[in-house]
Q: 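Handing you a structure now.
Convention: sequence-line order gives letters A, B, ...; per-chain numbering from 1. Just so we're clear, the structure is a prediction, and the values are computed from it rather than from any experiment.
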There are 2 protein chains.
Amino acid sequence: MTVTIYDVAREANVSMATVSRVVNGNPNVKPTTRKKVLEVIDRLHYRPNAVARGLASKKTTTVGVIIPDISNVFYAELARGIEDIATMYRYNIILSNSDQNEEKEIELLDTMYGKQVDGIVIMSENVSEKILEKMNHAPAPIVLAGSVDHSNTMPSVNIDYTQAAYEAVKKLIDNGHKRIAFVSGPFTSIINRDHKFVGYKNALEEAHIEFDENLVLSAEDSYDSGIEDFDHVNQLENPPTAYFTGSDELAIGIIHAAQDVGKSVPEDIEVISFENSKLARMVRPQLSSMVLPLYDIGAVAMRLLTKIMSKEKIDHLQVVLPHRMEERKSTK
Amino acid sequence: MTVTIYDVAREANVSMATVSRVVNGNPNVKPTTRKKVLEVIDRLHYRPNAVARGLASKKTTTVGVIIPDISNVFYAELARGIEDIATMYRYNIILSNSDQNEEKEIELLDTMYGKQVDGIVIMSENVSEKILEKMNHAPAPIVLAGSVDHSNTMPSVNIDYTQAAYEAVKKLIDNGHKRIAFVSGPFTSIINRDHKFVGYKNALEEAHIEFDENLVLSAEDSYDSGIEDFDHVNQLENPPTAYFTGSDELAIGIIHAAQDVGKSVPEDIEVISFENSKLARMVRPQLSSMVLPLYDIGAVAMRLLTKIMSKEKIDHLQVVLPHRMEERKSTK
DNA sequence: CTGAAAGCGCTAACAT
DNA sequence: ATGTTAGCGCTTTCAG
């Protein structure tokens, strides 16, 4: 029923090898034969079977992508960066959600290995020893996107989160604030706990501002969480006058909660988020934000992977992209 | 280097067939043999090669998903619905972005057929004849998610867009409005042009409100477009007092633009969007919205596909999900 | 309950 | 420039 390379060969009076050659653009084919074969391919509507090809060549031209949750803009942006570059290099993507669950991540790695992907791009907020171990025995190359591993041994693409956080907080300090809250996503995330948080503390320390643990909140990375966090911290006898948040949603929650108690932004309190998604421009006041270039991280990660897959020499397996701040209306 | 089914067979002193049976959970294996084989599999870290399996069995347990743009929350939500159900039925997903481009869609269909996917879920705002033709000759079943084809012949999952739009506009009419704008995404989308728009007109007609084409705007489905549209239509000598928008972003743009000229929502103008994404709750005033259950549409579409793939009998190939309105603060 | 053997559709030496 | 021939690793009759 389905037409195979053999059918084409027979109809064109050539061998399978020749058909294979023209299909794969091998130059060692006489133009006339090529034309003849192409004609038959067209007439028979022949379409190469990628599975058979994969088995024979041990290459599937598909890469696995494991991210926490595609329905989250944050990760979706990353996925799009990955996909665009993958397409550019003729790879397809097998996309799976891990929900930040270690067990699922391991399971997914296994099924992707089983599917013989040529490589994997993974984003994980907490690369455990177990997973690291698993990745080190991977049959295909892996690169981390927007994720760090303790060992700092895996190929990866990130920005300097510590420095970026430092700069954001410094901006707030420069604007005269002494009481600056850090409203973060979960501290189970290495980047939140060991990078952004450190940057926050560095900035305070440099300015000789005493660290107050009451001003550090770590919960979910959501709008509602932002509202709760504001309500909570605003009840302190000496509430913060500025907020540095781990995400746009958190910042918006903070702002709305503040407005609800009659405070205005940026007059009464200033807010800087760490993300700069499309959302940042779609709220009033528009969010000042430390830009996390998710799309670029995804794109560069995929590009790095293609290089590794084709065994090109690479000088820096750990890529650190530049960052910048987008100042809008939630700061003065 | 890699361990194959043959290695396991040899080590366990059984045939490949037996190993295959235990791997695939075939009950026709003596418990002791099964145990022995399992032990060897574990010891050798054997992992079945899905590509070889796919070639032999003609099933890949992967389905293709074609959507316009994963970085758009709208489609990302759909993708998540698809993926969750796919995972539940042990399928993996090959995800690709079409950018609403017919040529790309056709290309993607072809590469997915080539990769021997067991089925495809596709969202396309404009299912052209050419694509329909292509899908009708597909080697694997296809279901449309949140998309309609003229012929209404493809398996699909949708809501009754016309009715939903009608209800939204009726609500506005019931609130006393006579000048109601329809701010839509592109009319190249069948759903916008032949469904939502019709619902809008039906509601007006029923209420004997004269249709005014100046109140119908069709452009991009974006925040900025909403701002522009408001500025444009608000300059009419008899500007609208209510807006029915094709998406949340459009609604937010409208609201912000209105606020910028000193109008307040919902006091001066009322707005209802058609979408109800997470965004709807994250702006002030919170958006009243006709719910487009993207996640469910994706999930049901995938479920439908699993049924078709396993050749189950299905009574309704065209599924119409219920819809509902979420009334919040942008309407009285 | 188990084994032997024939493919699945293609690539990749190796010949010619 | 083209053909021959082994596989790739697994499933699936068909026997027994």
Q: What is the distance from atom CD of B:Glu102 to atom CD of B:Glu129, rounded to the nearest 0.5 Å?
A: 10.0 Å
Q: Listed by chain and number, what are the salt bridge (charged side-chain N to carboxylate O under 4.0 Å, His left out) partners of A:Arg43, not counting sequence neighbours?
A: A:Glu11, A:Glu39
Q: Are any of the side-chain nitrogens in B:Asp99 or A:Arg80 under 4.0 Å away from the carboxylate oxygens of its partner?
A: yes
Q: Between OG of A:Ser124 and CE of A:Met135, what distance do you get to the nearest 0.5 Å?
A: 7.5 Å
Q: Tell me, please, which residues at least two apart from B:Thr32 pass side chain to side chain donor-acceptor pair (under 3.5 Å).
A: none
Q: Using the side chain to side chain contact (heavy atoms under 4.5 Å, CB included) rule, take B:Phe74 and B:Leu292 through it: C-alpha gap first, then chi angles, then the decisive distance, then the call.
A: CA-CA 9 Å; B:Phe74 196 83; B:Leu292 213 195; 3.5 Å; yes
Q: Taking atom C1' of C:dT2 as reference, at what distance in whole Å does atom NZ of B:Lys36 sit?
A: 11 Å
Q: How would you label the contact of B:Asn26 with the nucleic acid (heavy atoms, under 4.0 Å): base, sugar-phosphate, or nothing?
A: nothing
Q: Might you work through the side-chain hydrogen bond (donor to acceptor under 3.5 Å, both in side chains) test for A:Tyr295 and A:Asp84, ending with a clear yes or no?
A: CA-CA 10 Å; A:Tyr295 180 91; A:Asp84 280 356; 2.5 Å; yes
Q: Would A:Lys104 and A:Ser96 count as having a side-chain donor-acceptor pair, cut-off 3.5 Å?
A: no
Q: Determine, stepwise, if the pair B:Thr153 / B:Asp149 fulfils side-chain hydrogen bond (donor to acceptor under 3.5 Å, both in side chains).
A: CA-CA 7 Å; B:Thr153 175; B:Asp149 61 314; 5.4 Å; no
Q: Can you give the first and last nucleotides of DNA chain D, 5' to 3', that have an atom under 4.0 Å from a heavy atom of chain B?
A: D:dG9 to D:dT12
Q: Detail all sub-3.5 Å separations between protein N/O atoms and N/O atoms belonging to nucleotides 9-13 of chain C.
A:
unit_1, atom_1, unit_2, atom_2, d
C:dG9, OP1, B:Lys58, NZ, 3.0
C:dG9, N2, A:Ala52, O, 3.3
C:dC10, OP1, A:Tyr46, OH, 2.5
C:dC10, OP1, A:Asn49, N, 3.1
C:dC10, OP2, A:Ile5, N, 2.4
C:dT11, OP1, A:Asn24, ND2, 3.2
C:dT11, OP1, A:Arg53, NE, 2.8
C:dT11, OP2, A:Ser20, OG, 2.7

Q: Can you list every stem that DNA chain D is part of, counting only runs of 3 or more consecutive Watson-Crick or G-U wobble pairs with both distances under 3.5 Å?
A: C:1-16 with D:1-16
Q: List for me each residue that meets salt bridge (charged side-chain N to carboxylate O under 4.0 Å, His left out) alongside B:Lys35, sequence neighbours excluded, and say none if there are none.
A: none
